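This structure is a prediction, so every number in the text was calculated from the model and none was measured. In each ligand, atom 1 is the first atom listed, and ligand 1 is the first ligand listed. The chain is numbered in sequence order, starting from 1.
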Amino acid sequence: MRQSLLFGKTKKETPKDEVSINASLLIRAGFIDKLAAGIYTYLPLGLRVLERIQNIIRKEMNNIGAQEIRMPALHPQEPWKKTGRWTQPGTEVMFQFKGHNRAYGLGWTHEEIVTPLVKQYVHSYKDLPIAVYQIQDKFRNEPRAKSGLLRGREFNMKDLYSFHATEEDLERYYEKVMLAYSLIFEQCGLAALVTEASGGAFSKYSHEYQVITPNGEDTIFACAACDHYQNKEIVENPACPTCGKQREEQKAIEVGNIFKLGTRFSDAFDLTYLTEEGVAAPVLMGCYGMGPSRILGTIAEIHHDDRGLMWPATTAPFQAHLLMLGEEDAVRASAEAWYHDLEKAGIAVLFDDRDLSAGEKFADCDLIGIPYRLVVSKKTGEGAELKTRSSSDTRIITMREGQKLLTHV
Ligand code: ATP
Ligand code: MG
C-alpha cells in the first residue's frame, strides 16, 4: 500500500475527549476514528489489524471443530422474554426500541438466538455434540465507556456455543477451548492468565483470561508461587486458596470469558435430545466469549513506547514499512524496486512514498509501529537500511535478505 494513497492520516494532537492510552494512540496513528463514547470507525490500518486478530481466532476455532455462522444483531423481544433477560438485565444492558408493531433489541450476547436455532437440528444423541461460533458486533449500553476499544458500546465479539449430551463431553470440550484460547492470546502477543471468576451457572467458577496492565478495569488476586489467579469479585481472603501464600492485587483487562452454562438455556427453550435408550434429556451447553476489538485495544496498551505503537508481527497491519528518503531519481527507482519485489514475494508493505521530510517520515513510522522499517536513501544504493521497531540497531541488507527475513514473519 502506498502511504500517499492511504485513507486516514496520523495526527499530531491527542483527541481532547479521549482519556485512554489505547484509543489516543490508535487515533493519532490513523487506525481508528471516534464517533462517540464507545463507538469507533476502523480505518484501513485498524481494520487490517482487527481482521488479523479475527483470523487467528477463526483458525483456532475451526481447529477445535467449531463451525462459523453469523446470527442477526437485531433481535425481536420474544426469545428474550422466554429467559427473562428482556427485563433483567435487559433494560440496563440492551439497546431496546420499537419497530412498526413489535419491540426489538440489539444483541449483546446470543444464547437466546443460538439455542432455538440449534433446537431445530438436534433430536437424538447422534446429533451431538455441536459447536458453532460467530465473529460479530455486539451492542451494550455500557454506563462508562471511557476506555477506548476496551469498553465499546458497539464492539466486536467472537462467541462460541457448544452443545453436549453428557457432562463429560462438555468438560472435554471446555478443556479444548481453554487450549485454543491460550494459543490465540499467545499469537496476539498477550500473556493472558486463566483466572477464576463468578458466573458459572453449572460449575463453581467461570474462567476469565486476564492481561495484567495498570489500565485494566478489573482487579485480580495473583499468586506468583503457584500461578493461581482469581478475580477480586470472588476472593474470600487475601491468602491463596491453593498454597496459602500471600497474593498480590493487580489491575487487569478481561480479554476472554468462558462458562459452562449447563441447562440454563436448554431448559428455557426446551432443548432436549433422545438418549440411546430413547429417553428425553436436556442438552448441556457451554459458551465462550472473546473480544477481538478489546484484544486490539489491549495490544495497544501493552505494546507501545513514548513514540508510538509497537505491533507484534502476528497482528501488525503490514510486515514492513518502507521509507523513501529523498526525491532523486535513483532513490525513487530503488524504493519502487523494493516495494515491487517485496510485494511480489507476498510481503505486506506500507510504502512511504510521500513528499515529506525524513523527520516526519520517521516520526510517523514510529507512531504506526510496524515491526520492520526499511529505509531507502542516497546512501543505501540498491540496498536498504533495516531496523526493527523495538531496537535502535540498523544494518544494510540486500533485497534477497529482505525477502528471506520478512517472509518468515
Ligand atoms: P466486562 O466485565 O468487562 O464488562 P463481560 O464479562 O460483561 O465484560 P462477556 O459477556 O464475558 O463480557 O463478553 C465476552 C468478551 O467480550 C469479554 O471477555 C471481552 O473480551 C469482550 N467484551 C465484553 N464487553 C465489551 C465491551 N464493552 N467492549 C469491548 N469488548 C467487550
Ligand atoms: Mg466476562
Looking only at protein heavy atoms, what sits closest to atom 21 (C) of ligand 1 is Gly291 CA, 3.8 Å
Taking the six-membered ring of Tyr174 (Phe, Tyr or Trp), confirm whether the NZ or CZ of Lys260 is under 6.0 Å from its centre and within 45° of its axis. yes
Any N/O/S atom of Asn257 sitting less than 2.8 Å from the Mg ion (ligand 2), backbone or side chain? yes
Can you tell me the protein heavy atom closest to atom 25 (C) of ligand 1 and the distance? Arg294 NH2, 3.3 Å
Under 4.0 Å, heavy-atom basis, I'd like to know which part of Leu150 is in contact with ligand 1: side chain, backbone, both or neither. backbone
Which of the atoms in ligand 1, numbered in the order shown and given with their element, are less than 4.0 Å from a heavy-atom of Val255? 18 (O), 20 (O)
On the 0 to 90° scale, with breaks at 30° and 60°, tag the Tyr181-Tyr209 ring pair as parallel, tilted or perpendicular. tilted
Is the shortest distance from a heavy atom of Leu149 to ligand 1 less than 4.0 Å? yes
N-O pairing of Lys138 and Asp159 below 4.0 Å: yes
What part of Glu217, side chain, backbone, both or neither, has a heavy atom within less than 4.0 angstrom of ligand 1? neither
Identify the protein heavy atom lying closest to atom 15 (C) of ligand 1, giving its residue, its atom name and the separation to 0.1 Å. Met290 N, 3.8 Å
Nearest 0.5 Å, please: how far is CG in Leu26 from CD1 in Ile299? 10.0 Å
To which protein heavy atom is atom 10 (O) of ligand 1 closest, and what is the distance rounded to 0.1 Å? Arg140 NH2, 2.8 Å
Does the cation-pi check pass for Arg294 over Phe155, that is, NZ or CZ under 6.0 Å from the six-membered ring centre and within 45° of its axis? no
Name the orientation class of the two ring planes belonging to His75 and His110 (parallel below 30°, tilted from 30 to 60°, perpendicular beyond 60°). perpendicular
Select the closest option to atom 27 (N) of ligand 1 among Lys158, Lys138, Glu142, judged by heavy-atom distance. Glu142
With a 4.5 Å limit on heavy-atom distance, are the side chains of Val132 and Leu160 in contact? no
Is the distance from the ring center of Phe318 to that of Trp311 below 6.0 Å? no
Atoms in ligand 1 flagged as close to Gly256, the criterion being non-hydrogen separation under 4.0 Å: 18 (O)
Identity and separation of the nearest protein heavy atom to atom 14 (C) of ligand 1: Met157 CE, 3.7 Å
Quick test: of every protein heavy atom, which one is nearest to atom 17 (C) of ligand 1, and how far off is it to 0.1 Å? Glu254 OE2, 3.1 Å
Salt bridge check, Glu68 against Arg58: does any charged N sit closer than 4.0 Å to a carboxylate O? yes
Would a 4.5 Å heavy-atom cut-off, applied to side chains only, mark Tyr104 and Lys98 as touching? no
min-distance protein heavy atom vs atom 30 (N) of ligand 1 -> Phe155 CD1, 3.3 Å
Among all the protein's non-hydrogen atoms, which is closest to atom 28 (N) of ligand 1, and how far away is it? Gly152 N, 2.8 Å
The Mg ion (ligand 2) contact by Glu208, N, O or S atom under 2.8 Å: no
Does any part of the side chain of Phe221, heavy atoms only, come nearer than 4.5 Å to the side chain of Gln250, both counted from C-beta? no
Mode of Asn257 contact toward ligand 1 - side chain, backbone, both, neither (heavy atoms, under 4.0 Å): both
